[in-house]
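The structure's right below; bear with me while I get my questions together.
No hydrogens, no waters, no symmetry mates; every other heavy atom, side chains included, goes into these values. Counting begins at 1 with the first residue of the sequence.
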Amino acid sequence: MAIEYLTGLNAIVMKAIWNIEKRQGRVIIQDLVEEIKRNTGKEYHRNSVSTYLRRLEKKDFIETKKEGRRSFICSKVDESDYHKVQFEQMKKVWFDDSWDEFSVALSDVVKQEENDKLRRLIDDLDDSAD
């Protein structure tokens, strides 16, 4: 399955679903509406959120499961897999498919403290590969 890029409220809704799943596992629409409000400061009506859920379902990002009279929203795409695909796409489109150029651009916006953490993380990964 090819993971497509999400924009606008589709991305906001999907991020909210991943956040709720991390905290409590099960996602119900009322929790989703509250999470979106908490993240954006905007209140979206339940029907609007439902519209975006249908779109995400068509894109194969989520599925809805019923247990009795309750419906639960479940992600079908792992958040880290989504990130990997998006970074790869950014590298191809904006940095001529070069990780070097991507890294240079990233280092320009990352604070020195974070840069040092990233450097240590990469060093640790190199050490574990040996």
Side-chain angles (χ1 to χ4, degrees):
M1 167 182 81
I3 299 174
E4 83 177 67
Y5 183 72
L6 297 176
T7 59
L9 203 53
N10 282 323
I12 290 167
V13 170
M14 198 63 226
K15 177 66 176 158
I17 290 169
W18 285 320
N19 287 346
I20 295 168
E21 284 180 329
K22 283 182 223 166
R23 278 196 317 269
Q24 63 196 40
R26 294 182 153 200
V27 180
I28 58 174
I29 192 149
Q30 62 206 55
D31 291 343
L32 187 56
V33 169
E34 291 170 16
E35 180 75 12
I36 293 167
K37 182 179 180 183
R38 189 171 26 260
N39 293 341
T40 65
K42 297 179 183 177
E43 195 162 336
Y44 290 92
H45 193 272
R46 180 185 173 115
N47 290 341
S48 298
V49 174
S50 292
T51 298
Y52 284 92
L53 289 173
R54 284 192 296 280
R55 291 177 185 169
L56 288 168
E57 201 160 26
K58 284 181 184 174
K59 294 174 188 269
D60 214 26
F61 270 81
I62 65 165
E63 65 183 337
T64 304
K65 295 182 179 179
K66 285 197 176 258
E67 289 183 20
R69 295 174 58 174
R70 296 196 86 176
S71 293
F72 299 96
I73 302 148
C74 304
S75 64
K76 292 175 72 176
V77 173
D78 183 73
E79 186 177 16
S80 63
D81 290 341
Y82 180 76
H83 292 162
K84 289 173 192 170
V85 168
Q86 299 320 305
F87 283 128
E88 187 65 38
Q89 184 66 21
M90 284 174 47
K91 177 184 66 117
K92 284 180 184 173
V93 171
W94 298 106
F95 303 101
D96 298 324
D97 210 17
S98 165
W99 280 118
D100 290 340
E101 289 183 34
F102 183 92
S103 299
V104 168
L106 187 60
S107 69
D108 288 344
V109 296
V110 175
K111 295 178 186 173
Q112 186 60 45
E113 179 182 315
E114 293 299 317
N115 220 347
D116 293 341
K117 286 181 188 175
L118 284 170
R119 209 172 265 116
R120 284 192 301 274
L121 177 63
I122 291 168
D123 289 344
D124 289 347
L125 288 171
D126 286 343
D127 291 343
S128 68
D130 293 339

Applying the 4.5 Å side-chain criterion to the ILVMFWY set and letting contacts propagate, would I122 and V104 be lumped into a single cluster?
->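 No, separate clusters.
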Return the set of residues passing salt bridge (charged side-chain N to carboxylate O under 4.0 Å, His left out) with R70 (not counting sequence neighbours), or none when no residue passes.
->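 With sequence neighbours excluded, R70 shows a salt bridge (charged side-chain N to carboxylate O under 4.0 Å, His left out) to no residue whatsoever.
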Going by an N to O cut-off under 4.0 Å, is there a salt bridge joining R54 and E57?
->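 Here R54 does not pair with E57 in a salt bridge, since their nearest N and O are not under 4.0 Å apart.
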Between F61 and L6, does a side-chain contact (heavy atoms from CB on, under 4.5 Å) hold up when you go through it step by step?
-> CA-CA 10 Å; F61 270 81; L6 297 176; 3.6 Å; yes
Say you draw a straight line from CG of N47 to CD1 of I29; how long is it, rounded to the nearest 0.5 Å?
->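 Here the rounded value is 8.0 Å.
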Please tell me if the side chains of L32 and L53 come closer than 4.5 Å, counting only heavy atoms from C-beta onward.
->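 When only atoms from C-beta onward are counted, L53 and L32 do touch, with a gap below 4.5 Å.
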With K91, the salt bridge (Lys or Arg N to Asp or Glu O under 4.0 Å) member among D96, D100, D97 |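 Between K91 and the candidates, salt bridge (Lys or Arg N to Asp or Glu O under 4.0 Å) is satisfied uniquely by D97.
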Check step by step if side-chain contact (heavy atoms from CB on, under 4.5 Å) holds for K59 and M14.
-> CA-CA 11 Å; K59 294 174 188 269; M14 198 63 226; over 6 Å; no
Audit row: Q24, I20, side-chain contact (heavy atoms from CB on, under 4.5 Å) steps and yes/no | CA-CA 6 Å; Q24 63 196 40; I20 295 168; 3.4 Å; yes
Please name the pair of heavy atoms, one in I73 and one in I28, separated by the smallest distance, quoted to 0.1 Å.
->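 Minimum heavy-atom contact is CD1-C, 4.3 Å.
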Sub-3.5 Å donor-acceptor pair from the side chain of E21 to the main-chain atoms of S75, do we have one?
->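 Indeed, once roles are kept as given, a pair shorter than 3.5 Å links the two residues.
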Value rounded to 0.5 Å, distance of CG in D31 from CZ in R23 |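 With rounding to 0.5 Å, CG (D31) is 8.0 Å from CZ (R23).
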Is there side-chain contact between N39 and I12, with heavy atoms separated by less than 4.5 Å?
->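 No. Closest side-chain heavy atoms not under 4.5 Å.
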May I have all residue pairs that pass ring pair (Phe, Tyr, Trp, His ring centres under 6.0 Å) and include part of residues 15-54, sequence neighbours excluded?
->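 The answer is W18-Y82.
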side-chain contact (heavy atoms from CB on, under 4.5 Å) between E79 and K22, intermediate numbers included | CA-CA 10 Å; E79 186 177 16; K22 283 182 223 166; 2.8 Å; yes
Measure the shortest side-chain to side-chain distance between F102 and K92 over non-hydrogen atoms and say whether it is less than 4.5 angstrom.
->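 They are not in side-chain contact.
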If only atom types and distance count, is the side chain of D78 paired as donor or acceptor with the main-chain N or O of S80 below 3.5 Å?
->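 Judged by distance alone, yes, a pair lies under 3.5 Å.
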Assess whether salt bridge (Lys or Arg N to Asp or Glu O under 4.0 Å) is satisfied between R38 and E35, documenting all intermediate values.
-> CA-CA 5 Å; R38 189 171 26 260; E35 180 75 12; 2.8 Å; yes
Shortest non-hydrogen separation from V85 to I3 and the atoms involved =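 Of all heavy-atom pairs spanning V85 and I3, the closest is CG1-O, 3.6 Å.
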Heavy-atom distance under 4.5 Å between the side chains of L9 and R55, does that happen here?
->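 The answer is no, as the side chains (C-beta and beyond) never meet within the 4.5 Å cut-off.
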Looking only at heavy atoms, which two atoms of V77 and D60 are closest? And how far apart?
->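 Scanning both residues completely, I find the closest heavy atoms to be CG2-O, 3.8 Å.
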Residues which pass ring-ring contact (aromatic ring centres under 6.0 Å, His included) with F72, listed by chain and number, not counting sequence neighbours |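 F72 satisfies ring-ring contact (aromatic ring centres under 6.0 Å, His included) with no other residue.
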Distance from F95 atom CZ to F87 atom CZ, nearest 0.5 Å?
->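 Atom-to-atom, F95:CZ and F87:CZ are 10.5 Å apart.
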